[in-house]
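Scroll down for the structure; my scribbles are underneath it.
This is a predicted model, so every value here is computed, not measured. Below, chains carry the letters A, B, ... as their sequence lines are ordered, and counting in each starts from 1.
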2 protein chains.
Amino acid sequence: MIARELSATRRPQGPPRLKDVASKVGMSTATVSRALTGRGPVSPGTKRRIEAAAKELGFVASYHASSLASGRSRNIGVVLPYVDRWFFATVLDGIASTLTAAGYDAALYNLQGENFRESVLTDFLLRKRLDAAAVVSLRLAPGETEQLLSAGIPLVGIGGSLEGAPTISVDDLNAGLRATNHLIQLGHCRIAFIGGPPEAGRSFPMSSDRRRGFERAMSTAGLPIHERDQLVSDFTFLGAYQQVKNLLAEPEQRPTAVFAATDEMAAGAILAARDLGLEIPRDLSVIGIDAHPLGEAFGLTTIDQQAHHQGTRAAQLLLRQLAGEPVTAGHELHRAHFIARSSTAPLGSNSSPA
Amino acid sequence: MIARELSATRRPQGPPRLKDVASKVGMSTATVSRALTGRGPVSPGTKRRIEAAAKELGFVASYHASSLASGRSRNIGVVLPYVDRWFFATVLDGIASTLTAAGYDAALYNLQGENFRESVLTDFLLRKRLDAAAVVSLRLAPGETEQLLSAGIPLVGIGGSLEGAPTISVDDLNAGLRATNHLIQLGHCRIAFIGGPPEAGRSFPMSSDRRRGFERAMSTAGLPIHERDQLVSDFTFLGAYQQVKNLLAEPEQRPTAVFAATDEMAAGAILAARDLGLEIPRDLSVIGIDAHPLGEAFGLTTIDQQAHHQGTRAAQLLLRQLAGEPVTAGHELHRAHFIARSSTAPLGSNSSPA
DNA sequence: CTCACTAGTGTAAGCGATTCCATCAGTGGG
DNA sequence: CCCACTGATGGAATCGCTTACACTAGTGAG
């Protein structure tokens with residue numbers, strides 16, 4: 001019991017209750033509730049009066065009471081492995097702003113440690129703490145997805161397939177293909193690729209499809225892939241910087257182009273090349289993927305995967321499902337956009353960009 | 001009503017209720033609740049049996065029911081102006097991980113648009129949707145803070161003072177002073193400063209104290225500040241890159257050192273200088289503030305403001321207040337740590353770092 | 001002119017916990 | 001040997017809404 005004062009008569013300064021609005025307009029709480037939530041029939045006149053009274057009193061429905069009674073909580077979970085990395089922060093921003101605009105809350109579940117995974121799903125989602133969830137770049141166990149879906153909790157996945165739920169991702173294979181073909185068309189034969197680790201716990205291998213696109217494009221063009229040019233980094237600028245610097249340090253077997261799975265790594269590659277005295281794009285062409293703001297200053301040619309839009313879109317799908325509209329559980333493969341800047345040029349050209 | 005089946009007897013596969021645990025161990029729900037929440041006396045034996053039963057049934061208390069009944073919601077709001085900028089994402093990460101570890105949820109309120117401000121405070125906080133809130137780099141109206149505090153909602157501010165609530169920030173003035181003095185000691189006389197805009201809506205002017213530190217250090221050293229060297233950018237790498245490139249384009253009145261209010265801007269400055277053929281630190285010394293991971297690859301000398309730690313610390317303060325411990329409402333000024341790298345060197349030295 | 005419907009409203013039963021109060025068995029002091 | 005007290009427990013009243021169901025009055029069809 002929080003406030004069991006002198007029965008319901010006195011309530012010094014607490015926020016107004018539904019009851020207060022009801023008595024102010026001389027109607028039952030049922031009608032007031034219907035008027036305010038928009039569920040169930042209420043005559044236009046009554047509705048207007050109730051809304052006015054509610055506004056005047058500054059009434060806002062108790063979140064927990066209404067959630068408990070209705071089973072809906074206007075709270076959507078966003079589950080992701082990192083918040084402090086560009087892609088995730090940007091997707092999160094897209095999701096959160098869309099949800100907020102629709103009157104939903106975004107609750108953040110950062111699964112960096114992997115430790116809280118179980119409790120997040122079991123405790124929060126299944127216990128109706130959340131109405132829906134967006135899962136970013138994380139692999140759910142087959143049973144988990146099913147469990148959530150069958151409990152009627154809409155799900156949407158970003159950057160990795162989620163059995164039975166709609167999924168959004170950029171066409172990574174295609175992006176990898178296009179990036180590589182761009183370099184090949186410019187005459188490059190010896191192309192290095194730098195991506196992330198093949199897999200990290202429950203998170204999706206973020207760059208493997210891009211790597212696959214690279215490999216396919218190379219073999220289609222009949223170009224050999226040198227073991228030495230296949231770099232693996234941690235997606236950071238610094239990591240890529242170091243890897244690429246090592247790679248380029250020996251002039252005799254240096255690639256003429258680098259395809260980095262993300263712009264941050266691409267920018268690191270450019271810096272590394274410059275630190276070795278190479279000129280971009282004269283001595284080395286570099287292409288990335290992301291449209292990271294960093295790339296602009298580096299003149300980085302890249303492929304825009306529209307991270308923010310992916311987030312917005314995911315949120316829309318969830319909202320639509322919550323509104324009762326049927327949403328097909330397929331994979332929504334966004335096509336990425338090529339952004340040509342000055343970090344790539346024809347092989348052997350004299351420093352002028354492509 | 002959500003599930004008014006055949007009275008309470010049938011409940012096909014829904015999650016177990018407190019009642020179920022109670023009947024399993026043959027005790028009242030009151031005792032079970034006490035055992036599980038740890039409030040009120042329960043004999044050790046009973047407690048053990050209850051916990052075992054709860055675990056076996058996979059019982060987890062309904063979030064909304066317990067919030068409604070107890071008035072506590074285990075949900076803490078994080079209010080910030082951006083999520084997709086390094087500092088904020090990092091602080092958020094620190095806050096969220098600390099809260100999650102303590103069993104609290106972090107609800108995200110991104111006030112980028114400024115539009116939702118009112119509703120966030122009024123609707124969510126005051127309606128007991130949130131137990132507490134961390135306000136990052138945002139200025140609350142004097143009345144708002146008071147209203148929240150008097151409603152018993154713990155508040156903590158990061159990066160800007162919040163009347164009546166504990167506040168955390170790095171000592172920006174001191175950091176600005178030290179960064180500038182570092183350059184002065186190296187013999188630089190003509191030092192440029194690049195910071196953010198003086199003020200942006202309700203958010204705190206993020207770099208004005210750093211600028212003030214710069215100005216004070218310069219005047220203490222008797223050095224003139226050239227109007228032309230006072231740059232204002234938008235905190236982005238690209239923005240700083242452009243500004244600094246313009247600044248350095250005219251060789252005759254070029255500063256010999258740049259102090260950037262953030263590492264991202266400092267890195268942009270370095271790139272700009274390099275693009276103009278300048279060598280760092282031989283031709284230009286650059287210092288930043290942040291310890292942004294980007295800085296490492298650029299060899300950027302910087303001052304670490306420990307963004308992640310600030311977040312962690314803020315979360316701890318909130319948790320402590322929620323636990324009933326008194327927390328003094330003062331300003332907690334963290335001292336930043338100097339990180340010497342290779343982007344600064346004595347004026348006129350031959351390329352060897354400081 | 002009835003009758004089946006619908007729209008508008010009220011009554012009251014939950015939602016699933018927490019917690020106040022009463023009850024009751026031990027227990028150490030006087 | 002009695003009593004005030006403490007620790008463990010149960011009964012039942014909330015917390016503040018939503019909504020099933022009952023009811024009334026109007027409305028167009030037959």
- prompt: Roughly how many Å is it from NZ in A/Lys19 to C1' in C/dA12, rounded to a whole number?
  reply: 14 Å

- prompt: Rounded to the nearest 0.5 Å, what separation is found between the CZ atom of B/Arg74 and the CG atom of B/Asp105?
  reply: 9.5 Å

- line: In this structure, CG of A/Leu162 is separated from CG of A/Leu138 (nearest 0.5 Å) by 9.5 Å

task: Look at the side chain of B/Arg72 and decide which nucleotide, out of C/dT18, C/dG16, C/dA12, has an atom nearest to it.
output: C/dT18

field: Close side-chain approach of B/Glu332 and B/Arg313, heavy atoms under 4.5 Å
entry: yes

- prompt: Roughly how many Å is it from CZ in B/Arg74 to C1' in C/dA17, rounded to a whole number?
  reply: 15 Å

query: Which nucleotide sits closest to the side chain of A/Arg17: D/dT9, D/dG16, C/dG16?
result: D/dG16

message: Under 4.0 Å from OP1 or OP2 of D/dG10: is there any side-chain N or O of B/Thr31 that close?
response: yes

- prompt: At what distance, to the nearest 0.5 angstrom, does CG of B/Asn75 lie from NE2 of A/His64?
  reply: 7.0 Å

- prompt: Could you give the CE-to-C1' distance, from A/Met27 to C/dA7, as a whole number of Å?
  reply: 13 Å

Nucleotide nearest B/Ser28 when distance is taken to its side chain, options D/dT18, D/dG11, C/dG10: D/dG11

query: Which residues, if any, of residues 33-52 of chain B bring a heavy atom under 4.0 Å of DNA chain C?
result: B/Ser33, B/Arg34, B/Thr37, B/Arg39

query: Bend angle of the helix from C/dC1-D/dG30 to C/dG30-D/dC1 from five-pair axes at both ends, rounded to 10°?
result: 30°

- request: Determine yes or no for a side-chain-to-main-chain donor-acceptor pair under 3.5 angstrom, with B/Ser67 supplying the side chain and B/Tyr63 the backbone.
  value: yes

message: Of the options D/dT19, D/dC17, C/dT18, whose atoms approach the side-chain atoms of A/Ser70 most closely?
response: D/dT19

- request: Would you mind telling me which of D/dC15, C/dC15, D/dA12 lies closest to the side-chain atoms of A/Leu68?
  value: C/dC15

Residue A/Leu18, side-chain heavy atoms: nucleotide from C/dT11, C/dA17, D/dC17 that is nearest: D/dC17

- prompt: Can you list the residues that meet the side chain to side chain contact (heavy atoms under 4.5 Å, CB included) rule with A/Thr312, with sequence neighbours excluded?
  reply: A/Thr98, A/His308, A/Gln316

- request: Give a yes or no on this: more than 12 heavy atoms of other residues, nucleotides or ligands lie within 6.0 Å of atom CD of A/Glu51.
  value: yes

query: Does B/Asp131 use its side chain to pair, donor to acceptor, with the backbone of B/Ile76 at less than 3.5 Å?
result: no

message: How many whole angstroms separate atom NE2 of B/His64 from atom C1' of C/dA17?
response: 12 Å

- prompt: Would you call the rings of B/His309 and B/His334 parallel, tilted or perpendicular if under 30° counts as parallel and over 60° as perpendicular?
  reply: tilted

